[in-house]
Amino acid sequence: MSVRYELDEHQWSTETVLPDPSAIAAIGMHHNLTSALADIVDNSIDAEASQIRIRFVQRGTAILGIQIIDNGRGLTAEDIKRAMTFGARRDYGSEELGHFGLGLKTASLSQATSFEVYSRQKWGPAVGRRMDQTVSRDFSVGVMAEGAANERLDRVAGMDLTSGTIVEWRGLKDVIHTTEQSDLTEWRSAKLRAIREHLGVTFHRHLHQGDIQIEIDTFDVDRDRALPPTRVDPIDPFEDSLERDGYPRNFVVDLPDGASCTLEAHVFPPRLNSPAFDLGGEPGEVRQGVYLYRRGRLLSGGQNWAGLRLPKKELGLGRIKIDLDAANEHYITLNPEKVMPVYSADFTTAMARAHTPGPSPTFLDSYFAHLQSVHKDAKKTKRQEIRLVEPALGLNPSVVSRLDGLQDFSDFDPIDLRFVTLPSSELFRADRSARRVDVNVEHVRRIYGSEGRLSNRDGQLLKTFLYFLLESDFKVEQRWNPLREERHRILNEVLMVAFTEDFGQQNYDENGSR
């Protein structure tokens with residue numbers, strides 16, 4: 001007798017199961033700082049903001065919080081109540097980025113122990129609300145008096161908020177606690193770089209069209225002023241794809257319900273090094289796969305082929321672009337953080353059968369075969385492309401121009417080369433966190449026979465030599481290990497012996513002065 005596998009619906013009834021309030025704490029666990037910020041920016045774009053400012057708030061070396069400020073249409077009292085309610089979904093417009101009604105809460109509480117929202121519409125009363133991680137006890141939130149909320153919006157530095165919203169995170173979870181200014185500078189620089197790149201990629205279509213401007217700055221509470229902002233530029237992950245052999249190529253996906261959608265297959269040149277290809281500081285080949293867009297916003301940036309193939313070296317030069325629309329979005333499930341789409345079996349099966357339009361179609365398998373062929377051909381002529389860290393102060397424009405003409409500078413912060421007073425035992429001193437190379441000014445005077453004041457334009461041969469000697473060390477994001485510091489000590493010692501051979505011993509005091 002065969003065993004029955006199908007369910008008999010007549011055997012089933014229903015009962016209501018209420019959620020445990022503590023389950024709220026688990027929502028947002030897939031967020032990191034950059035993805036959480038992107039979720040808040042979604043709300044700003046939905047509010048028709050043209051200017052969005054990400055602001056680090058600090059006092060001395062302490063990071064107090066992060067603000068996300070926009071000049072959108074703002075919120076009414078009813079709007080903000082809905083925004084602070086878990087799962088209060090509204091009717092989203094066809095072009096809006098919101099999806100679950102969870103973004104503000106989950107993004108904020110994933111990164112901070114509490115957050116506030118201040119908002120007003122043009123000519124309307126200001127509203128303010130506060131939520132912290134105790135919200136799951138009774139789902140209550142703090143309410144700010146209208147006058148206080150107005151005052152809070154009026155004193156935002158650098159932006160006119162006739163209408164708009166501030167989301168402020170306090171008690172940041174991913175923050176450095178230090179008394180060293182250099183450590184704070186290094187931490188903030190790394191975070192700013194990661195935020196600029198993530199937002200630049202995620203919203204590259206909006207940024208490119210000029211719909212929005214996103215900037216990042218730092219506000220010093222004690223000085224009551226903001227530092228000049230840094231702009232987020234668009235980074236199109238398809239910018240450098242090849243236009244040959246019929247690529248980029250469109251493939252039609254015939255869906256089970258009779259509808260269809262298009263996927264756009266791209267091929268990239270071997271040995272490509274560019275910010276648009278090497279996303280997140282990773283080799284571009286790692287970011288192979290499917291790039292999923294919704295309402296012009298990038299939801300997922302490669303690293304998988306949506307079940308069509310497993311990621312591997314041979315496919316590293318390929319990326320596929322898919323736009324979610326009314327025809328296909330019900331086949332793809334998004335998690336609340338909008339970072340891990342799940343493709344239904346029906347959609348993956350339909351993608352595997354995708355074909356070019358026309359009477360003599362080719363199928364998607366041909367694309368993967370082409371990628372493998374490009375990879376194989378590239379191995380025959382493999383060479384490593386040189387990309388140097390850009391020099392800032394210290395090298396003359398003609399030197400920098402020549403460097404720029406011979407290669408493309410890497411996506412690391414520039415380094416300075418300066419003349420300073422150093423102990424006589426050192427020709428140079430490299431500082432990774434400050435991103436500079438200090439050169440002993442007294443030794444430079446001896447080498448060039450100069451007794452007067454030196455300018456940044458002097459000593460070009462020596463500074464260029466030290467630049468090439470030390471440039472690769474500034475491609476290391478982490479602290480220099482003892483081995484690298486020992487290398488600098490050996491370089492200094494040997495160069496000083498050579499210096500003495502050529503110019504003789506000179507007596508200096510311990511600070512490097514004669």
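Reckoned from all heavy atoms, side chains included, excluding hydrogens, waters and symmetry mates.
- Two residues are said to be in side-chain contact when any heavy atoms from C-beta on lie closer than 4.5 Å; F115 and M131 meet this criterion.
- Residues passing the side chain to side chain donor-acceptor pair (under 3.5 Å) test with D365, sequence neighbours excluded: R309.
- Using a 4.5 Å cut-off on side-chain heavy atoms (C-beta onward), L292 and L298 make no contact.
- Defined by atom type and a distance below 3.5 Å, a donor-acceptor pair is present between the side-chain atoms of N71 and S50.
- A salt bridge links D174 with K191: at least one charged nitrogen is closer than 4.0 Å to a carboxylate oxygen.
- When the options L417, V420, L470, D438 are evaluated for a side-chain contact (heavy atoms from CB on, under 4.5 Å) with F428, the one that passes is L470.
- Listed by chain and number, the residues in a side chain to side chain donor-acceptor pair (under 3.5 Å) with R231 are D233 (sequence neighbours excluded).
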Name the atoms and distances for all side-chain donor-acceptor pairs under 3.5 Å in residues 166-173, with sequence neighbours left out.
| from | atom 1 | to | atom 2 | distance (Å) |
| --- | --- | --- | --- | --- |
| E168 | OE1 | Q67 | NE2 | 3.2 |
| E168 | OE1 | R152 | NH2 | 2.6 |
| E168 | OE2 | Q67 | NE2 | 3.4 |
| W169 | NE1 | S108 | OG | 2.9 |
| R170 | NE | E116 | OE1 | 2.8 |
| R170 | NE | E116 | OE2 | 3.0 |
| R170 | NH2 | E116 | OE1 | 3.3 |
| K173 | NZ | L109 | O | 2.7 |

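- Residues D42 and R297 are paired through a salt bridge, judged by an N-O separation under 4.0 Å between the basic side chain and the carboxylate.
- Within the 4.5 Å cutoff, the side chain of F251 has no heavy atoms near those of the P357 side chain.
- Nearest approach of G200 to L207, heavy atoms of both residues: CA-CD1, 4.0 Å.
- A salt bridge links D323 with R205: the distance from a Lys NZ or Arg NE/NH1/NH2 to an Asp or Glu carboxylate oxygen falls below 4.0 Å.
- Closest of all the heavy-atom pairs between G284 and R319 is O-NH2, 3.4 Å.
- Q460 places a side-chain N or O within donor-acceptor distance of the main-chain N or O of G394, the cut-off being under 3.5 Å.
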